[in-house]
Amino acid sequence: MTDTTQAAGPVAGQAAGEPAPEAETAEDGATRRDFLMLTAAATGAVGVAGFGWALVDMMNPAADTLALATTEVDLSGVEPGQAITVMWRGKPVFIRHRTNGEIMSAEAANLDDLPDPEPDSARIVGGRTEWLVVVGVCTHLGCIPLGQRSGDSQGDFGGWFCPCHGSHYDTSGRIRRGPAPDNLPVPEYQFVEDLRIRIG
Amino acid sequence: MAHASPPPAFKNPMVRWIDSRLPVFTLMQKEYGVFPMPRNANYFWNFGAIAMVMLMVMIVTGIFLSMHYTPHVDHAFNSVERIMRDVNYGWLMRYVHMNGASFFFIAVYIHIFRGLYYGSYKAPRELLWMLGVVILLLMMATAFMGYVLPWGQMSFWGVTVITNLFSAIPMVGDSVVTWLWGGFAVENATLNRFFSLHYLLPFVIVGVVFLHVAALHVTGSNNPTGIDPKGPQDTLPFHPYFTIKDTFGLVVFLLIYCGFVFFAPNFMGHPDNYIPAQPLVTPAHIVPEWYFLPFYAMLRAITFDFLFIEAKLGGVIVMFASVFILFLLPWLDTSRVRSARFRPIYKWFFWVLFVNVLILGQVGALAADDPFEMFGISFGFISATTVGQICTFYYFFHFLVLLPLLGKFETPLPLPRSIHESVLPKGARGGGPLPAGAAAKPMGKA
């Protein structure tokens with residue numbers, strides 16, 4: 001501001017009688033109006049961007065939604081071959097107590113045949129191969145695959161089958177056939193006791 | 001009356017007082033009183049006005065429904081059932097609103113195909129057409145969010161599947177979906193924001209409709225011959241000739257609409273939406289409302305990876321492209337003749353496209369692995385998905401290949417010299433029995 005004013009002074013003196021815009025012209029050709037325009041526009045842009053971000057971020061999950069992000073589950077009543085479904089972050093989590101046969105078929109799968117190659121050992125926690133914990137939401141378009149209840153179709157690979165668009169998952173929750181692009185995700189979880197896990 | 005082109009002198013002093021300060025009466029007289037309409041506009045020219053009426057019906061019934069609706073996952077379904085059973089005339093308002101969405105789309109789809117047949121999108125009406133496509137997109141968003149509000153099984157799983165489409169976006173997909181949901185699944189935050197936006201968007205549509213009509217009144221309406229009016233003998237004042245024609249068509253349309261509201265209110269709905277939403281049970285067969293079926297079929301047609309694009313992302317791109325391609329239509333169609341009446345080859349391809357879209361709609365209603373069937377006839381040798389892929393290919397082929405080439409290779413029929421010559425019987429040309437006040441005073445004023 002000060003610079004512009006000083007620079008404008010002598011010029012205005014020399015050009016007495018000239019039209020006003022030229023009278024305010026600084027040495028580099030900028031006027032005070034240009035300066036005001038740029039500062040106002042810059043302030044406005046920062047303000048709009050900042051407020052815009054607040055509006056956008058307001059649509060993200062709120063603090064109480066995030067606070068519900070862990071769940072503890074007691075596994076003691078789940079016999080081999082059985083499965084339970086628990087809710088975590090509003091989504092179903094499938095917990096399956098796998099039989100030896102299911103573990104073996106999961107480990108025997110040829111990784112080259114998988115659309116999303118991942119060994120079974122990378123999908124279990126703490127060496128507890130009998131417990132498989134996966135988020136029960138089909139990675140295609142978010143339907144809930146069948147296979148948790150007895151009598152459900154478990155697909156051609158003994159895991160889960162999504163009725164919406166026909167995705168087959170194996171006993172490690174990996175996609176084997178159908179439109180889903182990825183394996184059922186394994187949530188972050190740990191064994192807090194021998195038969196008790198904390199998801200999240 | 002209709003032919004007074006200097007500012008009309010209103011008799012009522014109150015009207016004159018207002019008009020000299022805010023010329024709304026002059027405006028209405030200019031745009032809807034003496035506004036020159038091509039005299040040959042047929043009944044397909046009713047559907048813009050019909051769509052406008054449907055928009056008003058939807059806004060009015062929607063406002064009153066919202067006075068009784070509760071946008072909460074625990075109460076939404078029950079509040080809708082309460083509207084149906086306990087609220088005075090709640091059943092009427094809900095059925096009018098519910099079927100109104102379908103009839104709004106029927107009117108708009110006829111309006112769009114009218115534009116396609118008679119070349120209404122061509123210069124100088126490109127912006128008018130593009131504003132129409134914006135309205136279509138806004139209608140789709142509004143209808144989709146409205147369908148979520150009753151919080152039935154189809155509501156819940158429809159929104160789950162469609163919002164999950166955005167997870168196909170590379171890198172940021174999952175964050176975008178979480179942002180859309182306001183949580184880690186479709187939940188209360190999702191329902192609330194959809195209600196808010198469902199209330200907002202219709203008023204945005206009103207704004208774009210205003211621009212659409214403003215643009216229309218700059219260029220004037222197209223007509224079945226596609227040639228421009230050359231003078232007053234080619235047009236009639238909007239009132240009373242087209243106000244009455246629009247009203248008659250509207251009444252017929254509303255009668256059919258009322259037939260559905262009162263005698264088959266759930267014909268176009270899905271029974272599963274009378275089951276409350278259950279986040280742990282996916283219905284065996286998820287289908288959108290009928291007006292989305294062709295687009296849903298195109299979404300599901302892409303079952304294969306294309307170059308580096310995964311099938312899921314490819315489907316999403318194809319589905320959105322099927323609407324966005326309409327923005328480019330004025331430039332894809334290279335023919336300088338507007339109306340299909342004078343385009344012997346395009347005329348056939350128009351109907352092929354129309355049937356193609358109908359088949360896509362049927363494919364969208366079938367499960368992906370089903371054999372294709374239509375009108376109760378099963379075509380066991382071909383799966384619904386394969387038919388969907390062929391029809392999706394043809395849809396884009398029509399716009400991207402056929403239209404640009406047809407304009408170059410098709411020989412149009414000779415155009416009539418003027419509209420009035422094309423509509424009057426041969427003997428009557430040059431001053432026969434014309435409607436009084438229309439061309440009876442030819443070459444009066446523009």
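Here is the naming used below: chain letters follow the sequence lines, and residue numbers restart at 1 for every chain. Source: prediction; values computed, not measured.
- Considering CE of A/Met59 and OG1 of B/Thr178, their distance stands at 12.0 Å, rounded to 0.5 Å.
- Within a 6.0 Å radius of CZ in A/Phe51, no more than 12 heavy atoms belonging to other residues, nucleotides or ligands are found.
- Interface remark: A/Pro181 contributes side-chain atoms only to the contact with chain B (heavy atom separation under 4.5 Å).
- Here the closest heavy-atom approach between residue B/Phe184 and residue A/Arg89 is recorded as CB-O, 3.4 Å.
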Take B/Asn164 and A/His140 through the side-chain contact (heavy atoms from CB on, under 4.5 Å) test and state the conclusion after the steps. CA-CA 8 Å; B/Asn164 263 303; A/His140 180 225; over 6 Å; no

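- B/Phe304 CZ: more than 12 foreign heavy atoms inside a 6.0 Å radius.
- What you find for B/Ile286 and A/Cys143 is that their closest heavy atoms are CD1-SG, 3.8 Å.
- The environment of A/Asp57 atom CG is dense: over 12 non-hydrogen atoms of other residues, nucleotides or ligands sit within 6.0 angstrom.
- Within the model, atoms CG of A/Leu141 and CG of B/Leu299 stand 6.5 Å from one another, a figure rounded to the nearest 0.5 Å.
- Side-chain atoms of B/Thr282 come within 3.5 Å of backbone atoms of A/Ile144 as a donor-acceptor pair (strictly under, hydrogens ignored).
- Counting heavy-atom neighbours within 6.0 Å of A/Gln82 CD, excluding the residue itself, gives a total above 12.
- For chain A, the nearby part of B/Trp157 is the side chain; its heavy atoms alone come within less than 4.5 Å.
- With a 4.5 angstrom heavy-atom cutoff, A/Val137 does not touch chain B via any of its atoms.
- Closest approach of A/Val56 to B/Trp179, counting heavy atoms only: O-NE1, 2.6 Å.
- Here the closest non-hydrogen pair linking A/Thr139 and B/Lys312 is O-NZ, 3.0 Å.
- Per-residue heavy-atom pair counts under 4.5 Å with chain A were compared for B/Leu280, B/Thr160, B/Leu165, and the maximum is reached by B/Leu280.
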